[in-house]
Amino acid sequence: MNYELFPAEPFRIKAVETVRMNTREERTELIKEAGYNTFLLNSDDVYIDLLTDSGTNAMSDKQWAGMMIGDEAYAGSRNFFHLKETVEEIFGFKYIVPTHQGRGAENILSQIAIKPGQYVPGNMYFTTTRYHQERNGGNFVDIICDEAHDASLDIPFKGNIDLNKLQKLIDEKGAENIAYVCLAVTVNLAGGQPVSMQNMREVRELTNKYGIKVFYDATRCVENAYFIKEQEAGFENTSIQDIVHEMFSYADGCTMSGKKDCIVNIGGFLCMNDEQLYNDAKELVVVYEGMPSYGGMAGRDMEAMAIGLKEAMQFEYIEHRVKQVRYLGERLLEAGIPIIEPIGGHAVFLDARRFCPHLTQEQFPAQSLAATLYLYSGVRSMERGIVSAGRDKVTGKNHAPKLETVRLTIPRRVYTYRHMDYVANAVIHLYEEREKIKGLKFVYEPKQLRFFTARFEEI
Ligand code: PLI
């Protein structure tokens, strides 16, 4: 591996948090007590926590300073106006509705923009996003390109929408039966794969012909912008902020989980340009979140988010972010470990089908691989496969996604390359003993979003 390709951390460390390594004997008990579900482990029992990049970011000194100028007024907080100006400058949307996190925005958008029975095409599903769409009577349809479902296919922009699939859906169901297109940048469950600017432009052109709205899931849009700058012709010399701005010029609005690319620990928002839709959203935000000028966030959190968004636009920040993830992925590839390729923006995804060929998908190989990695190393990861996919709301059968993965998700500005080495070594060690990974069965299966709290035992 060429170490020159990986930039050093573009920050100095000012405050540290001690982490503790426990023993394998302790972890044997702990993972059993947690029902082989890494979500149910206590943070204190984890050595390196790669469960998620959501809300696990390290804030900067400037963000912490911003927390001190939080205006906690119930209405009209000055931090709301700072956030609104920042969002307008970066994304170009007129209206913003703050929410406590991304799913708060999804809840409101799904209620105001979906009529029961309508279709909601998207580039692969995300758990909470699809849940809210279906809860409001929508039918989710996956229109991501076929390549996205093939873990070993190393091609750029695997998050792209297949325009033929979208056209076919419009022809079959009628434009009036499509609530909106939900376009995620990047696509989390496809492995953090980006969408090209060209694809966004083409989706806009096609939907404009039929008057169909397009809402982006903006959660990891800065990572997406980095991939465009790095890999799409014509954007080499464009700034990250200008790329983000152009991306969102092809959308009618967006939902955002601020816990990712806004580099904060909590918060989200919903944006749009349509005044009527904004009024509808305001009527609901007061029911579920709070006044339209805080929507479930403290004033200080809105300030930290405004500052974080600007920091995320810095090239050095996002280059290091994406390349640190790539470093871990490259180390695993060098050792012959099967992962989703190309390496995405926020995480390295182990391909559990190839890692555990001795297990069937119904034996939850990714769930078991995540549990066993914790047992071996104290590293916490997350299942993103059949357990996360849940059951079909009509037939009650398990969705059986082609991608059966374990996600090693890297928090922003938290860990160093040495931590990545520890994780890589742990995965390589486990791969050598992979036949010891046992199948699992449910002992408790929640009705919705089951992966969060389900419990298992070994078969
Ligand atoms: O966790 P929320 O409610 O702030 O955001 C929900 C959400 C929406 N879209 C996408 C693409 C996500 O990744 C997402 C949350 N992701 C989590 C929690 C994750 O661990 O990936």
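Just follow the structure's listing: the first ligand is 1, and inside any ligand the first atom is 1. In what follows, every heavy atom counts, from backbone to side chain, and hydrogens, waters and symmetry copies are set aside.
Judged as a salt bridge (charged side-chain N to carboxylate O under 4.0 Å, His left out), and not counting sequence neighbours, Lys259 has no contacts.
Summarising the local packing, CZ of Arg354 is surrounded by more than 12 heavy atoms from other residues, nucleotides or ligands at distances under 6.0 Å. Heavy-atom contacts from other residues, nucleotides or ligands closer than 6.0 Å to NZ of Lys62 number 12 or fewer.
Between Arg384 and ligand 1, no pair of N/O atoms sits closer than 3.5 Å. Looking at Gly102 next to ligand 1, an N or O pair under 3.5 Å apart turns up. Any N or O atom pair closer than 3.5 Å counts here, and Thr128 shares no such pair with ligand 1. Any N or O atom pair closer than 3.5 Å counts here, and Lys260 shares at least one such pair with ligand 1.
Nearest non-hydrogen protein atom to atom 1 (O) of ligand 1 is Arg103 NH2, 2.9 Å.
In the model, Asn22 has a side-chain atom that pairs as donor or acceptor with a side-chain atom of Arg27 under 3.5 Å. Between the side chains of Ser152 and Asp154, no donor-acceptor pair of N or O atoms lies under 3.5 Å. Side-chain contact annotation: Lys260 with Ser54, donor-acceptor N/O pair under 3.5 Å present.
For ligand 1, the atoms closer than 4.0 angstrom to any heavy atom of Lys259 are 4 (O). Ligand 1 places these atoms under 4.0 Å from at least one heavy atom of Asp217: 8 (C), 9 (N), 10 (C), 11 (C). Atom numbering of ligand 1 starts at 1 in the shown order; those under 4.0 Å from a heavy atom of Arg220 are 11 (C), 12 (C), 13 (O), 19 (C), 21 (O). Listed by number with element, the atoms of ligand 1 under 4.0 angstrom from any heavy atom of Thr52 are 19 (C), 20 (O).
Under 4.0 Å from ligand 1, not a single heavy atom of Met124 appears.
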